[in-house]
Engineer: 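Pasting a structure here, questions to come.
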Amino acid sequence: GCERCQCHREDKHTAILYSLLSQNLSQGRGGRSPRQQQCCLCQQRRTVCLRTPHLTCQAASNVLLKTISFMKNLPSFHQLPREDQLLLLENSWVPLFLLGLAQEMVTFEVMETPAPSMLKKILLDGQSQQQEPERTQPTLAAVQRLQCCLNTFWSLDLSPKEYAYLKGAILFNPDVPGLRASLYIESLQREAQRVLQEVLQPLYPEDQSRFAHILLVASTLKSIPASLITDLFFRPVIGSAAMVELLAKML
């Protein structure tokens with residue numbers, strides 16, 4: 001479908017500007033319809049933002065608070081050195097936050113970012129070195145991957161206990177570089193996985209593969225970058241502040 005897309009040319013900025021201008025020209029010359037044009041504009045590469053940021057950011061903030069509270073309320077987490085706590089926080093806050101979104105059934109919609117910001121980037125590209133860098137924006141493709149992960153978890157229909165022990169298995173990751181108490185953390189992860197498996201046995205006696213399937217689906221959460229979660233849900237609230245530093249203060 002996109003083999004003839006102008007976005008594949010080496011001169012990317014000229015191609016984008018050409019595509020924007022040709023939308024109006026094609027309508028007067030019997031060209032392709034706007035629906036056909038969408039394919040050649042590489043729609044999934046377009047940047048997006050929340051459709052209702054005031055509502056979605058509030059819901060996301062509530063989930064984040066619950067995520068940090070989950071960590072703070074674990075006695076085994078408090079027994080770790082402060083350095084290990086911060087390393088585990090930095091490594092696991094995104095998948096734990098996503099599990100929170102899934103558990104709280106938080107839904108959201110996005111819309112394409114306004115075109116003027118794209119034109120400004122094109123027209124002022126030569127002056128970009130002298131200007132403050134613009135904030136990054138999530139792409140439609142990245143948001144769709146995120147929503148796909150959430151949909152997968154909703155299809156699993158996890159119980160509160162399943163969510164709790166799965167969060168523990170994700171939080172206590174002994175493979176994080178720099179940990180001082182990695183052996184103890186590994187034992188905590190094994191314990192969380194063992195209890196999760198015990199919870200599943202009476203609930204799903206005929207589904208012996210559910211435990212492995214849950215862990216496999218949970219592993220996909222690590223493919224969601226922290227930058228996407230920050231830019232989509234929290235950047236409208238925290239501005240240019242560093243997310244990890246704010247999380248450390250919350251902890």
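Sequence positions, counted from 1, serve as the residue numbers for this chain.
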Engineer: Picking from L96, L99, V94, what satisfies side chain to side chain contact (heavy atoms under 4.5 Å, CB included) with L221?
Structural biologist: L99

Engineer: Can you check whether M250 reaches L65 side chain to side chain, under 4.5 Å on heavy atoms?
Structural biologist: yes

Engineer: Are L247 and L64 close enough that some pair of their side-chain heavy atoms sits under 4.5 Å apart?
Structural biologist: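 L247 vs L64: side chains touch.
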
Engineer: Check E162 with K167, please: is the shortest side-chain N to carboxylate O separation under 4.0 Å?
Structural biologist: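 Answer for the salt bridge query: no.
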
Engineer: Would E245 and K249 pass as an ion pair if we require N to O under 4.0 Å?
Structural biologist: no

Engineer: Answer yes if the side chains of Q197 and Y165 hold a donor-acceptor pair under 3.5 Å, and no otherwise.
Structural biologist: no

Engineer: So does H78 have more than 12 non-hydrogen atoms from other groups sitting under 6.0 Å from NE2?
Structural biologist: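 Yes, NE2 of H78 has more than 12 neighbouring heavy atoms, counting only those of other groups under 6.0 Å.
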
Engineer: Closer than 3.5 angstrom, by distance alone: can the side chain of Q189 be matched with the main-chain N or O of F172 as a donor-acceptor pair?
Structural biologist: yes

Engineer: Could you give all pairs that pass the side-chain hydrogen bond (donor to acceptor under 3.5 Å, both in side chains) test and reach residues 81-97, with sequence neighbours left out?
Structural biologist: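 Passing the test, one end in residues 81-97: E83-R180.
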
Engineer: Working to the nearest 0.5 Å, report the span between CD1 of I185 and CG of L80.
Structural biologist: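 If I round to the nearest 0.5 Å, the distance is 5.0 Å.
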
Engineer: Would you confirm whether T47, through its side chain, and Q137, through its main-chain N or O, come within 3.5 Å as a donor-acceptor pair?
Structural biologist: no

Engineer: Is it true that Q58 and N62 share a donor-acceptor pair across their side chains at a distance under 3.5 Å?
Structural biologist: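 Judged by distance alone, the side chains do pair up.
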
Engineer: Is a side-chain donor or acceptor of R235 paired with a backbone partner of A241 at a separation under 3.5 angstrom?
Structural biologist: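 Yes.
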
Engineer: Which salt bridge (charged side-chain N to carboxylate O under 4.0 Å, His left out) pairs, counting each pair once, include a residue from residues 141-151, with sequence neighbours left out?
Structural biologist: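 Pairs touching residues 141-151 that pass the test: none.
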
Engineer: Listed by chain and number, what are the salt bridge (Lys or Arg N to Asp or Glu O under 4.0 Å) partners of K66, not counting sequence neighbours?
Structural biologist: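 Per chain and number, K66 pairs via salt bridge (Lys or Arg N to Asp or Glu O under 4.0 Å) with E104.
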
Engineer: Taking the side chain as everything from C-beta on, heavy atoms only, tell me whether P174 gets closer than 4.5 Å to V176.
Structural biologist: no

Engineer: Please confirm whether the ring centroid of F233 lies under 6.0 Å from the ring centroid of F97.
Structural biologist: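 F233 vs F97: aromatic centres under 6.0 Å.
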
Engineer: Do S155 side-chain atoms and T152 backbone N/O form a donor-acceptor pair below 3.5 Å?
Structural biologist: yes

Engineer: Checking the side chain of S219 only, and the main-chain atoms of L216 only, is there a donor and an acceptor separated by less than 3.5 Å?
Structural biologist: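 Pair found, side chain donor or acceptor close to backbone of L216.
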
